[in-house]
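Data first, discussion second: the structure below is written as structure tokens.
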There are 2 protein chains.
Amino acid sequence: MKKAATELTGVKEIARRANVSIGTVDRVIHNRAGVSEKTKQKVTAIIEELNFQPNKMASLLATRKSMNFAVLIPAVSADTDYWSFPLTGIEQAAVETRQFGVMVKHYFYDLDSKTSFNNAANELLNDAPDAVLLAPSFVEESALLAAKLDELNIPLVFINSDLADQNNLAYIGPDLYQSGRLAAQLISLSLQPQDDVLIINISSDLKNDHHLVRKEHGFKKFFEDAGSNTKVSTVNINETKLNAVEESLLRVLDTSPALKAIFVTNSRVNIVAEILKNHNRNNILLVGYDFLKKNIDYLVSQQITYLICQRPKEQGYLGIMALYKHLFKVSDVEKSVYMPIDIITRENYRFYNS
Amino acid sequence: MKKAATELTGVKEIARRANVSIGTVDRVIHNRAGVSEKTKQKVTAIIEELNFQPNKMASLLATRKSMNFAVLIPAVSADTDYWSFPLTGIEQAAVETRQFGVMVKHYFYDLDSKTSFNNAANELLNDAPDAVLLAPSFVEESALLAAKLDELNIPLVFINSDLADQNNLAYIGPDLYQSGRLAAQLISLSLQPQDDVLIINISSDLKNDHHLVRKEHGFKKFFEDAGSNTKVSTVNINETKLNAVEESLLRVLDTSPALKAIFVTNSRVNIVAEILKNHNRNNILLVGYDFLKKNIDYLVSQQITYLICQRPKEQGYLGIMALYKHLFKVSDVEKSVYMPIDIITRENYRFYNS
DNA sequence: ACAATTATCGTGTACGTACACAATTCCTCT
DNA sequence: AGAGGAATTGTGTACGTACACGATAATTGT
């Protein structure tokens, strides 16, 4: 480690070469007004020549800007700890950006209550943050919020699911259709010609759960494209309690002797796993979503074969980082960032996090 | 965006509260000599109380340290562009750390030539870098280099493969054994009881290629643990040309009517794919390694079913970052970081990079 | 008790950039 | 030509920390 050579660089050197003051150089760099065209040209030329990159640290230090980011996502519920993962990523990003003056404030809503969403959204608007990270679970309510933020010129990033036609800065999350296709491929690789397949949607409000529908669509399309004759049926269960699911499921199981594989379109796959286990149905290939404790347990016990996972932690992390990069002009931000679609099995789950 | 509130924080505030000068506070923070025990206690207490975190930017700015990092990895060969991925990650990290005064210099060696490794290593030592990132392909030569660096107190990070008993800062790379197990699981999920499986090691120097052996070991162990009766045989091919591989492979194929799946223990799986394609053997499940152009092509054409991949880009990125964090005391560095073991198929490869 | 040390502490300047304000130049118009 | 005003440019201070150096206080020795 050594001291940096007293490099001939920086605004000072540029000023020297251009025979102007550093104040003028500064004006050119931020193209603020008050510089004659001639000197502007001269300074710009030297900046180009030297390939000058402003020292971010000094710059940040001098401006000591401070930003408030607002994060509006579902609360971690007893039901599922899915949202703890994005939260972890968000907190990690918060730590890393804290020294640059970013303060992250959380607002939580209940996934079963649009009212709670609206309340949280209002509170958020009231605080007038500089940027917003949003998981738009409720389509209309979220669109309303997005419109207001757009009006206020507050940059907005979506995570976990997208909202069409919004004037948002970026979307970071999964491609749901494709993850359905992947599930279908994985299942098809274990299928014999005579086997049947079942899709299970478990949601108390399926109409609004565009998530599940998109995955189901991708799943079916795969078999279609493959020209397969496999019988793929769907069952919708609009209650999330074990008993309710059990009742519906058993009815299907009893009438489907050739059932070989089940695709559960969300993280509630552990409910299905438990039911299959209780009824000793170990010969069914079970595929579902998300790296949750309960799911991993069934992965280990081989009740679940594949979990599909879309890096929830990274979604939160990248969401905050996108806002940071945008507001601090670190770099441009991509409009859509689709997460890799990870396949988790009993043999690789241990290395998944880090 | 607003100015930071004139927060009561920073060395100045600490100094005020402790009734000392900021010079003294500075001495306590870096526990340099010249502070009485009493005031040291007092200042430390206040630092704790305020949960003071020094402003990294200001600190870096004031010290304006400059570091030279050396990277010693295989050159990207015509044979395989695998090493272009770690390189990309390294370059990305270089960009991000450049503003903190990190200069990354590359040294490349030829995977077929120990001499080239030694030459590059000598050149590197001659440049006396502040830190080294090394892909230790040649075990003994690398150990020698590691020892010298240790003596010079230059921190060293391994990527891609580990070297036992070295006094290195960290290892960042795959768990090879486990990736072999995963390949076995994937294959087993498509296997009928009567099917046979083949492992192919393609390497001109298998004795030294501990990589492949570890993967093979994991693969076999999986079937063993599962109590499977599947016949798993191995063929070693010590030439990497298509013709040579073809000859060996065809001999096996002819005598193995029940062969259902092949596991190629490295990225040369595309050679096998080509041969299978040329001989119209489309009913064989083929599993191999690495996200290379050639491999992806065969993944798309369904000659290859699964590719296992260990985030080579991240390995490079994290390697540089580990050195950066260590030398700039950003945070502690984990001794071993095992990459997630990713499964790539025709249905998710498009989202793998980003 | 006083000087000579040594231990402890405070001050000033620097890092590279941002920005407010002061200073200078350049026009315009009478 | 000179005043007035706008356009352009220069200067000084600040950001929070590091560190060299000078200043002060405590200790020792005579």
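Quick note on labels: first sequence line is chain A, next is B, and so on, each numbered from 1.
- Put simply, Thr39(B) has a side-chain N or O that comes within less than 4.0 Å of OP1 or OP2 on dC9(C).
- The phosphate of dT8(D) has neither OP1 nor OP2 within less than 4.0 Å of any side-chain N or O from Thr24(A).
- Lys40(A) and Asn31(A) form no side-chain donor-acceptor contact under 3.5 Å, judged by distance and modelled atom types alone.
- Whole-Å rounding puts the Arg16(B) CZ to dG16(D) C1' distance at 16 Å.
- Remark: C1' of dT9(D) and CD1 of Ile14(A) are 17 Å apart, rounded to the nearest angstrom.
- The CE-P distance, from Met57(B) to dA14(D), rounds to 19 Å in whole Å.
- When the nucleotides dC9(C), dG16(C), dC19(C) are ranked by their closest atom to the side chain of Asp26(A), dC19(C) comes out on top.
- Atom-to-atom, NE2 of His30(A) to P of dA20(C) comes out at 12 Å; the value is rounded to the nearest Å.
- Of the candidates dT9(D), dA18(D), dG16(C), dG16(C) carries the atom nearest the Leu61(A) side chain, counting heavy atoms from C-beta on.
- To the nearest angstrom, P of dC19(C) lies 12 Å from CG of Leu60(A).
- Side-chain atoms of Ala62(A) lie closest to dT17(C) of the nucleotides dA18(D), dT9(D), dT17(C).
- Of the candidate nucleotides dC19(D), dT17(D), dT8(C), dC19(D) has the atom nearest to the side chain of Arg32(B).
- Listed pair Ser59(B) / dA18(D) meets the phosphate criterion, a side-chain N or O lying under 4.0 Å from OP1 or OP2.
- Distance, Asn19(A) CG to dT8(D) C1': 16 Å, rounded to whole Å.
- Of the possible polar contacts, one joining the Gln315(A) side chain to the Asn160(A) backbone as a donor-acceptor pair under 3.5 Å is found.
- No side-chain donor from either of Tyr109(B) and Asn118(B) sits under 3.5 Å from a side-chain acceptor of the other.
- One interatomic measurement links the two molecules: CD of Glu37(B) to P of dA25(D), which rounds to 22 Å at whole-angstrom precision.
- Lys12(B) has its NZ atom 14 Å from the C1' atom of dA18(D), to the nearest Å.
- Counting non-hydrogen atoms under 4.0 angstrom, Asn55(B) reaches the backbone sugars and phosphates but no base.
- Distances shorter than 4.0 Å separate some side-chain N or O of Ser36(A) from OP1 or OP2 on dT9(D).
- Here the nucleotide nearest the side chain of Ile22(B), chosen from dG12(C), dT8(D), dT17(C), is dG12(C).
- When each of dT17(D), dT17(C), dT9(D) is scored by its nearest atom to the side-chain atoms of Ser21(A), the top-ranked nucleotide is dT9(D).
- The side chain of Arg27(A) lies closest to dT9(D) when the candidates are dT17(D), dC9(C), dT9(D).
- Ring-plane geometry between Phe351(A) and Tyr338(B) is classed as perpendicular, the angle between the planes exceeding 60 degrees on a 0 to 90 degree scale with a lower cut at 30.
- If you look at Tyr324(B) and His326(B), their ring centroids are not closer than 6.0 Å.
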